[in-house]
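Please read the structure below before turning to the comments.
Heavy atoms only: backbone and side chains are in, while hydrogens, waters and symmetry mates are out. No experiment lies behind these values; they were computed from the predicted model shown.
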Amino acid sequence: MKKAVLLFTLIGALTISAQEKKKQILVIGTFHFSNPGRDVTKVKTFNVMSERSQQELENISNKIKAFAPDKIFVEWNHEQQPALDAYYKRDTDSLLKKNTNEIVQLALRSAKKLKHKTLYAIDYNNALFPYDSLIEAMQYAGQQEMIALDDIRRKEYETGQNKKITSYTLTELLLDINSPEEDNENLGWYITFANRGGNKDSFAGAYLVSEWYRRNIYMYSQLQKITSAEDDKVMVLLGAGHTALLRDLIRHDAIFEIVELKDILK
């Protein structure tokens with residue numbers, strides 16, 4: 001009994017210590033600058049290579065430099081870290097002029113200013129996203145009304161996002177996509193729509209959701225393990241769909257506290 005009490009006391013002390021010395025994690029969700037079109041929701045491509053956008057990226061990366069993260073994590077397959085290391089060593093000016101990818105334009109740009117040795121790959125690409133199977137299961141279950149309502153919701157979202165793309169600056173778009181409302185929109189689809197998919201003997205919807213959660217939990221596990229005791233601050237740049245879930249994970253982690261893009265741009 002005494003050993004059990006001692007164990008719980010030690011665990012409590014460690015938790016309190018962690019809470020007193022939380023590491024700051026700058027969470028930046030983004031749309032895909034190069035827009036490969038792989039998402040279910042289809043939106044227009046934003047021109048990040050315009051003079052105005054490049055000035056904004058310089059400003060944002062300067063603010064990240066001032067925040068001074070010890071490591072920057074990106075949406076790159078964790079099994080291909082050597083390829084990312086090699087990519088990072090290429091000529092910076094050439095990469096910034098030719099590549100519209102957000103990893104280059106924001107993460108690499110910032111890391112170079114911080115004189116980091118590399119970026120850190122944390123993406124996990126072995127999870128599935130069986131969207132077609134979900135829709136088939138819903139049709140078989142007679143959930144056509146749900147599918148129709150989701151089509152309407154998606155079209156409304158696409159219209160809204162495309163309007164923002166044509167009227168917002170890059171900074172405004174990034175601040176908007178990192179808002180609580182956007183997080184709710186992202187996570188809400190999985191719980192309100194996808195998880196209900198299929199009849200009572202089918203878990204097609206729950207399986208898709210579980211695979212999405214698995215991918216993100218694995219990514220966060222990588223981030224946790226790569227962050228060392230010496231790191232006071234880190235930054236993560238991922239698609240906004242990932243950061244919506246990541247924020248929930250971080251809120252329950254005694255080691256980290258979230259810093260938002262809006263906080264460093266003040």
**Prompt:** Given Arg247 and Ile258, is the side-chain contact (heavy atoms from CB on, under 4.5 Å) satisfied, shown in steps?
**Reply:** CA-CA 8 Å; Arg247 286 185 178 92; Ile258 299 172; 4.1 Å; yes
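- The cluster map of Ile, Leu, Val, Met, Phe, Trp and Tyr, joined by side-chain heavy atoms under 4.5 Å apart, puts Phe73 and Leu249 in the same cluster.
- With hydrogens and angles disregarded, a donor-acceptor distance shorter than 3.5 Å links the side chain of His116 to the backbone of Pro69.
- No side-chain donor-acceptor contact under 3.5 Å links Glu182 to the backbone of Ser179.
- A donor-acceptor pair is defined here as one N or O able to donate and one able to accept, closer than 3.5 Å; no such pair exists between the side chain of Gln24 and the backbone of Val259.
- For the pair Met49 and Thr100, the minimum side-chain heavy-atom distance is below 4.5 Å.
- For Glu145, the CD atom counts as loosely surrounded, since its 6.0 Å shell holds 12 or fewer non-hydrogen atoms of other residues, nucleotides or ligands.
- The two residues Lys164 and Asp176 have their closest heavy-atom pair at NZ-OD2, 2.9 Å.
- The two residues Leu96 and Gln105 come nearest to each other via the heavy atoms O-NE2, 2.8 Å.
- Cation-pi geometry between Arg214 and Tyr218 is met: under 6.0 angstrom from the ring centre, within 45 degrees of the axis.
- Distance alone, capped at 3.5 Å, is enough to place a donor-acceptor pair between the Asn162 side chain and the Glu158 backbone.
- With contacts defined as side-chain heavy-atom distances shorter than 4.5 Å, the pair Ile103/Phe33 does not qualify.
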**Asked** Can you list the steps and then say if Lys266 with Glu260 is a salt bridge (Lys or Arg N to Asp or Glu O under 4.0 Å)?
**Response** CA-CA 11 Å; Lys266 288 179 180 178; Glu260 296 287 2; over 6 Å; no
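- Using modelled atom types, one finds a donor on one side chain and an acceptor on the other under 3.5 Å when comparing Ser221 with Lys225.
- Tracing side-chain contacts under 4.5 Å through hydrophobic residues (I, L, V, M, F, W, Y), one never reaches Tyr207 starting from Met138; they form parts of separate clusters.
- Grouping the Ile, Leu, Val, Met, Phe, Trp and Tyr side chains by contacts below 4.5 angstrom, directly or via other members, places Leu128 apart from Val209.
- Using a 4.0 Å cut-off between charged side-chain N and carboxylate O, Lys21 and Asp232 make no salt bridge.
- Separation of atoms CD1 (Ile165) and CZ (Phe46) is listed at 8.0 Å; rounding is to 0.5 Å.
- A distance-only check finds no donor-acceptor pair linking the side chain of Ser133 to the backbone of Ala204 [under 3.5 Å].
- For Arg215 and Glu75, the salt-bridge test passes: some basic side-chain N is under 4.0 Å from an acidic carboxylate O.
- Leu84 and Leu108 fall within the same hydrophobic cluster, where Ile, Leu, Val, Met, Phe, Trp and Tyr residues are linked whenever their side-chain heavy atoms come under 4.5 Å apart, directly or through other members.
- Remark: the backbone N or O of Phe193 is not paired with any side-chain donor or acceptor of Trp189 at under 3.5 angstrom.
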**Request:** Could you walk me through whether Leu174 and Phe31 pass the side-chain contact (heavy atoms from CB on, under 4.5 Å) test, one step at a time?
**Result:** CA-CA 8 Å; Leu174 289 173; Phe31 58 96; 4.3 Å; yes
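- Thr30 places none of its side-chain heavy atoms less than 4.5 Å from the side chain of Ile177.
- Ile28 CD1 to Thr243 OG1: the interatomic distance, rounded to the nearest 0.5 Å, is 9.5 Å.
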**Asked** What's the verdict on salt bridge (Lys or Arg N to Asp or Glu O under 4.0 Å) for Asp85 and Lys89, showing C-alpha distance, side-chain angles and the deciding distance?
**Response** CA-CA 7 Å; Asp85 292 339; Lys89 292 176 182 177; over 6 Å; no
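- Side-chain contact check for Tyr220 versus Gln224: some heavy-atom pair is nearer than 4.5 Å.
- Looking at Asp150, its side chain never comes within 3.5 Å of a backbone N or O of Met146 through a donor-acceptor pair.
- The two residues Arg109 and Ser61 make their nearest non-hydrogen contact at CD-OG, 3.4 Å.
- Counting heavy atoms from C-beta on, the side chains of Ile226 and Asp231 never come closer than 4.5 Å.
- Of all heavy-atom pairs between Tyr213 and Leu245, the closest is CE2-CD1, 3.5 Å.
- Note on Leu95 and Ile64: same hydrophobic cluster, where clusters join Ile, Leu, Val, Met, Phe, Trp and Tyr whose side-chain heavy atoms are under 4.5 Å apart, directly or indirectly.
- Annotation: the span from Leu134 atom CG to Arg196 atom CZ amounts to 13.0 Å, rounded to 0.5 Å.
- The line from NZ of Lys63 to CG of Leu265 is 7.0 Å long, rounded to the nearest 0.5 Å.
- A donor-acceptor contact closer than 3.5 angstrom is absent between the side chains of Ser202 and Asn199.
- Using a 4.5 Å heavy-atom cutoff, the side chains of Gln139 and Ile147 are in contact.
- Taking both residues in full, the closest heavy atoms of Phe256 and Lys22 are given as O-CD, 3.5 Å, listed atom of the first, atom of the second, then distance.
- No side-chain donor-acceptor contact under 3.5 Å links Asp248 to the backbone of Ala244.
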**Request:** Take Thr159 and Glu156 through the test side-chain contact (heavy atoms from CB on, under 4.5 Å) and record every step on the way to the result.
**Result:** CA-CA 5 Å; Thr159 299; Glu156 289 176 345; 5.7 Å; no
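- Atom NZ of Lys65 and atom CG of Leu114 lie 7.0 Å apart (nearest 0.5 Å).
- Contact check on Asp151 versus Lys155 returns no salt bridge, with no Lys/Arg side-chain nitrogen under 4.0 Å from an Asp/Glu carboxylate oxygen.
- Across Gln54 and Val48, no two heavy atoms sit closer than the pair NE2-O, 2.8 Å.
- Annotation: side chain of Lys233 is not in contact with side chain of Leu26 (no heavy-atom distance under 4.5 Å).
- For the pair Leu208 and Phe129, the minimum side-chain heavy-atom distance is below 4.5 Å.
- Lys117 forms no cation-pi arrangement with Tyr88, by the criterion of a distance under 6.0 Å to the ring centre and an angle within 45° of the ring axis.
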**Request:** Check step by step if side-chain contact (heavy atoms from CB on, under 4.5 Å) holds for Leu175 and Leu261.
**Result:** CA-CA 7 Å; Leu175 288 172; Leu261 179 62; 4.2 Å; yes
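- Here the NE2-CG distance, from His78 to Asn126, works out to 6.5 Å after rounding to the nearest 0.5 Å.
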